[in-house]
Amino acid sequence: MASPALLMRVVASAYSAAEKAATIVRNVMAAGDLGIVEKTGANDLQTKADRLVQMSICASLAQKFPKVTIIGEEELPSDEVTEELIEDGHCEEILKKTCPAQYTGIKEEELVIWVDPLDGTKEYTEGLLDHVTVLIGIAYGGKAIAGVINQPYYNYELQIVSEVQKYTNINISHWRQNVMHHNVTDKKRAGPDAVLGRTIWGVLGIGAFGFQLTEAPAGKHIIVTTRSHSSALVNECISALNPDSVIRVGGAGNKVIQLIEGKASAYVFASPGCKKWDTCAPEAILHAVGGKITDIHGNSFQYNKEVKHMNSAGVLAALRNYDYYASRIPNTVKQSLVP
């Protein structure tokens, strides 16, 4: 039997790296010292989990695939990565899938991997743990062709109050209120046999796995948008779409999950702010199930290693009926956002 194609080996390894990342994310939170650093402001944070996860993912994948370009969100010193952060495993189920013919001849140096070690960092520091994802996107020829999204706290249970008291770097009452509210009201909470965390993955030409693909209710226009980066322009764009309801959550990965699980019809963010590591993995998974993501002008994102990191013309995405939403973006909004 022929050995699996390079792309499938990279995805299988990224899957295991994301699972290890989730353990790191949970361990940092459980230890209580988040090590929060402000990067450009109060809405742009970095934690110990961001730093450790990026080191873990980048070092693990670089060790296996040394010629692949790996671009992570965090600017970190090139310190030696300790052995306990290295993940050398892979997901056997992924290796059993047949690589699409157009990707079988890919060479290592032709791949670019975009890593967001902790998408939804602000929410992580506030106890909105449902919002948090780990993103590993894989690009070839400038296009997102495969992705892995891990939700470390999918199915998480309510922390007991004594455990919460360890979280010295957070506003405890705010954290507890958020965690209690989201545990009680979120319908996806499962029973006592629920597994903590999940990993979603996808490859163009194969599909996406690890979740139940669901379309939003027919005839309903439910918009998912930013929770912490709103602006007059963002709200003007949403209003123009005349939505039935608006969901405000953190994290680009989390927003695309709202689309593929039928909780929202469109993801609309008329602002700079998202970066390539935010959109690469979610784009691959959304496209693998027939959805579409672009900037506000309808331009595709490019993911070659030389590209600028900022998605300066915002984000527009939908699982179905993308054209409906694209046709309703006001020209005033488009003129305000230069690609």
Side-chain angles (χ1 to χ4, degrees), residues 1-31 47-74 76-99 103-119 132-140 144-154 195-203 206 208-210 253 277 280-281 284-285 305:
M1 180 178 171
S3 62
L6 171 67
L7 177 62
M8 304 312 292
R9 289 189 283 117
V10 171
V11 176
S13 296
Y15 184 103
S16 292
E19 298 250 286
K20 184 176 189 73
T23 300
I24 295 170
V25 169
R26 292 189 292 262
N27 287 346
V28 169
M29 178 61 80
T47 68
K48 183 178 180 181
D50 294 83
R51 297 187 287 274
L52 290 177
V53 167
Q54 179 160 310
M55 287 190 285
S56 175
I57 292 173
C58 293
S60 298
L61 295 177
Q63 188 169 289
K64 284 187 176 180
F65 310 104
K67 295 180 183 176
V68 168
T69 298
I70 304 174
I71 302 172
E73 174 178 7
E74 308 305 339
L76 301 175
S78 54
D79 296 342
E80 193 68 29
V81 176
T82 56
E83 195 60 37
E84 66 262 24
L85 289 177
I86 301 294
E87 172 57 57
D88 62 1
H90 58 262
C91 174
E92 285 290 343
E93 285 301 309
I94 294 175
L95 293 183
K96 292 176 184 175
K97 301 282 186 183
T98 302
C99 184
Y103 304 137
T104 54
I106 291 177
K107 299 179 176 67
E108 270 190 35
E109 54 270 28
E110 295 176 312
L111 290 178
V112 182
I113 299 177
W114 294 87
V115 177
D116 190 339
L118 191 65
D119 186 35
V132 174
T133 60
V134 176
L135 306 176
I136 306 175
I138 300 160
Y140 167 65
I145 63 167
V148 174
I149 301 178
N150 180 281
Q151 289 178 286
Y153 291 100
Y154 183 75
V195 175
L196 181 62
R198 68 169 172 177
T199 304
I200 294 169
W201 69 277
V203 175
I206 297 179
F209 307 87
W277 42 73
C280 187
I285 288 167
K305 62 187 177 184

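These numbers come from a predicted model, not from an experiment.
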Straight-line distance of [X] [atom1] to [Y] [atom2], nearest 0.5 Å:
{"X": "S60", "Y": "L85", "atom1": "OG", "atom2": "CG", "value": "7.5 Å"}
{"X": "Y15", "Y": "I149", "atom1": "OH", "atom2": "CD1", "value": "13.0 Å"}
{"X": "Y140", "Y": "L111", "atom1": "OH", "atom2": "CG", "value": "8.5 Å"}

Can a side-chain donor-acceptor contact be found between S16 and E87 if the only test is distance below 3.5 angstrom?
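Looking only at side-chain atoms, S16 and E87 do not form any donor-acceptor pair under 3.5 Å.
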
Qualifying salt bridge (charged side-chain N to carboxylate O under 4.0 Å, His left out) pairs with a residue from residues 56-74, counting only residues at least two apart or across chains
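Of all non-adjacent pairs touching residues 56-74, those that pass salt bridge (charged side-chain N to carboxylate O under 4.0 Å, His left out) are K39-E73, K39-E74.
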
Side chains of [X] and [Y]: does their closest heavy-atom pair fall under 4.5 Å?
{"X": "L118", "Y": "T47", "answer": "yes"}
{"X": "M8", "Y": "K97", "answer": "yes"}
{"X": "W277", "Y": "V115", "answer": "no"}
{"X": "L6", "Y": "F65", "answer": "yes"}

Test item: [X] side-chain N/O and [Y] main-chain N/O as donor-acceptor pair under 3.5 Å:
{"X": "D119", "Y": "G253", "value": "yes"}
{"X": "R26", "Y": "Y153", "value": "no"}
{"X": "S56", "Y": "L52", "value": "no"}
{"X": "T133", "Y": "L135", "value": "no"}

Looking at K20, I want to see if its NZ is surrounded by more than 12 non-hydrogen atoms of other residues, nucleotides or ligands under 6.0 Å.
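Count over threshold, so yes.
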
Do you know which two heavy atoms are closest between [X] and [Y], and how far apart they sit?
{"X": "I136", "Y": "A17", "result": "CD1-CB, 4.4 Å"}
{"X": "N150", "Y": "E19", "result": "ND2-OE2, 3.8 Å"}
{"X": "A146", "Y": "V11", "result": "CB-CG2, 3.7 Å"}
{"X": "P152", "Y": "V134", "result": "CG-CG2, 4.3 Å"}

Taking only residues two or more places apart in sequence or in another chain, which ones pass side-chain hydrogen bond (donor to acceptor under 3.5 Å, both in side chains) with D116?
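So D116 forms no side-chain hydrogen bond (donor to acceptor under 3.5 Å, both in side chains) with any residue.
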
